[in-house]
Amino acid sequence: MKLFKALLCISFFALMYSCDNKKQVLEAIKPLSNSSLERVEPQNWFIGFKDVSLQLLVKEKGIGSFKPSISYNGVVIEKVHTARSKNYLFIDLKIDKTTKPGKFDILFTSENGDIKAHTYQLKAREKPSENYIGFNSSDVLYLITPDRFANADASNDLGSKVSDASENGESVHFLKENSINRNDDYARHGGDIKGITSHLEYIDTMGFTAIWSSPLLTNNMPSQSYHGYAITDLYEVDPRYGTLADYRELADKSREKGIKLIMDQVANHCGSEHWWMKDLPFKDWVNYQENFEKKGALITSNHRRTSNQDLYASKSDKKGNSDGWFVATMPDLNQKNPFMAKYIIQNSIWWIETIGLSGIRQDTYPYPDKDFMSNWARAIMAEYPKFSIVGEEWSYNPLLIGYWQKGANNRDGYASNLTSTMDFAMQRNVVDGINEKESWDTGLVKMYEGLANDFHYATPKDIMVFPDNHDMSRIYTQLNGDLENTKMALSFYLMMPRIPQIYYGTEILMDDFEKPGDHGLIRTDFPGGWKDDAVNAFTGEGLKTDQKKMQSFLKKLLNYRKESKAIHEGKTVHFAPFMGAYFLFRILNDEVVVNIINKNEKPITIDLKRYSEIGLQGKTLKNIITGKEFTWGGAMKLSKKGSIILTTKK
């Protein structure tokens, strides 16, 4: 009997001791409902972030009258917000740093006792924050318009199916634009994610070290959805491009080759067919919402981006830039709404973590609320200190370009937290420098003086430069179809202290001469990306002589640059243009790289004593493109127009 009492006592105290763990035990044995509401976003989250807060957007008919509850160790509901629409709830969660990965039900209970459930998952992070390494001046980005690069999976052309490999529950549905017409520059052509993945070997062999694809998320717009910038679901890969699993495979296989993946994101606007436009949660979810809801005039942006910095800008000009819709089919998101702000920040972090990104390119950077953009970049860089973000500031004014870069000494105290901005100024300076006739203030001096503006930038080598992109005429068109001029431009862009970006097809002289500046034509199909193409740029089959020359030139230059520390991080020295020639030097320790831009059609001889401070006298240099050696002596004969790139590196 005493033994029985002792055992009973021990059992009682053991039970009492375990009371604190009772909740956890019950969680372990309680079956999950594995049910879903219409939408809960983010669709899942991750443990181990510095920021332990998470805000869930919940969308379900009538959910606003329900009370949520969660029973999962380490997860606490801190606050529940109702919205104007009764079909939304916003739930603020705190996720303790000790929380374990797993699934749990969020229960929603109405006043009359009705219960709805949604199974949510917290995942373990795959790698530490410091292992998310961004792009930098050692990289060259290959910009791709995915619909026009390569079609490796014809089964997804119409977007009517989703692969069984999808792990994200993407919708199975017909999209508004579900036809292919390669004869129409503004229709969909069928390129997809697998088309990029299947040609990673080409991209790697060419010498590119990073890929920036135009947006890959769903654009369920009735027309011209191919470009990707009118997103209608910020958590879904467009089924016409593939699945989330396809996107992740692209990232993983790119990483295996040492290629970084940059995601094109849009914080400023969405597409007018975005799912929330049919039921907006708050009265100020998008700017000029009342006009939209009452079917009034849609107010578009005045595009006066300088109002962000202008000391004298009127309030109406500032509002016109930041609040107006980008175009009538792209509603302007109101980042001043705290729920929208949180949604956008969490969406960016979700994609970084889910795909394993190396960087973000943020579209239309000067258009959203600039204080929000600072907070957005700060939140990302706080979680991923070695990450990279580049913002699109389409300005030819270095003062404006520099304003947006992290470390800028702005008089208004603004700190953007943005690692990189886009150098539209030097893009144009190079084109003008090569196209213009030489005189005191035209021609190569535009490049020389343009580069002299680097004193204004916090870190010039972290700014992104490019010959062209998806929104402007092809560089070969801008340079009037001149092969040597195009080589000169590309060599200079790649030699500058910058992060270069090259648009797909530049290597084979793709052009838009037929309709200069036409976006549909600029974004022409890459030859060889479709099964029946007569020309294949991936293999070289059918390319014209000049196209092969350019492809070979760029391949040699890119692959040299990939291993050149002098170009990545070396000192830059340039000399004022002289006799129609411009010398630029990149120097690090024993490696000196010389880029000579010569615009003379006839032979000239340059006195090399002019460059004696570099210390190359008597040294042997090798031509990166031809392999020929040259001894730096008293003079150099330049026999024809073109670009010469020499290196002391053996």
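All heavy atoms count here, side chains included; hydrogens, waters and symmetry mates do not.
At a cut-off of 3.5 Å, with distance as the only test, no side-chain donor of E569 or S137 sits close to an acceptor on the other residue. Judged by distance alone, the side chains of Y560 and T647 do bring a donor and an acceptor atom under 3.5 Å apart. The closest side-chain donor-acceptor pair between E507 and Y142 falls under 3.5 angstrom. T232 and E273 share no side-chain donor-acceptor pair at under 3.5 Å. Using modelled atom types, one finds a donor on one side chain and an acceptor on the other under 3.5 Å when comparing S348 with W376. Using modelled atom types, one finds a donor on one side chain and an acceptor on the other under 3.5 Å when comparing D512 with T477.
Under the salt bridge (Lys or Arg N to Asp or Glu O under 4.0 Å) criterion, the residue pairs touching residues 249-260 are D139-K260, E201-K257, R248-D252, E249-K253, D252-R255, with sequence neighbours excluded. Within the structure, every pair that satisfies the salt bridge (Lys or Arg N to Asp or Glu O under 4.0 Å) test and touches residues 487-506, not counting sequence neighbours, is listed here: D423-R498, D454-R498, E484-K487.
Residues V266 and Y367 form no side-chain contact, since every pair of their non-hydrogen atoms from C-beta on lies 4.5 Å or further apart. Contact annotation: the side chain of N469 approaches that of L143 to within less than 4.5 Å [non-hydrogen atoms, C-beta and beyond].
Stacking of K386 on the aromatic ring of Y132 is not recorded, the 6.0 Å distance cut-off and the 45° axial limit not both being met. Judged by the 6.0 Å and 45° rule, R428 forms a cation-pi pair with Y396. Figure legend: R188 and Y241 shown as a cation-pi pair, the cationic atom lying under 6.0 angstrom from the six-membered ring centre and within 45 degrees of its axis.
Between D185 and R148 there is no salt bridge, since none of the side-chain N atoms of the basic residue sits less than 4.0 Å from a carboxylate O of the acidic one. We find that K640 and E601 are not joined by a salt bridge, their nearest charged nitrogen and carboxylate oxygen being 4.0 Å or further apart.
Screening D157, D525, D532 for a salt bridge (Lys or Arg N to Asp or Glu O under 4.0 Å) with R182, the sole residue that qualifies is D525.
A distance of 5.0 Å separates CE of M496 from CG of L451, quoted to the nearest 0.5 Å. A distance of 9.0 Å separates CZ of R523 from CG of D518, quoted to the nearest 0.5 Å.
Ring pair Y202/F538 is perpendicular by interplanar angle, where above 60° counts as perpendicular and below 30° as parallel. Taking the six-membered ring where the residue is Trp, Y504 and F526 present tilted rings, their angle falling between 30° and 60°.
Counted within 6.0 Å of NZ on K628, heavy atoms from surrounding residues, nucleotides or ligands total 12 or fewer; the atom is thus considered open.
In this view, E177 and S225 satisfy the side-chain hydrogen bond (donor to acceptor under 3.5 Å, both in side chains) rule, not counting sequence neighbours.
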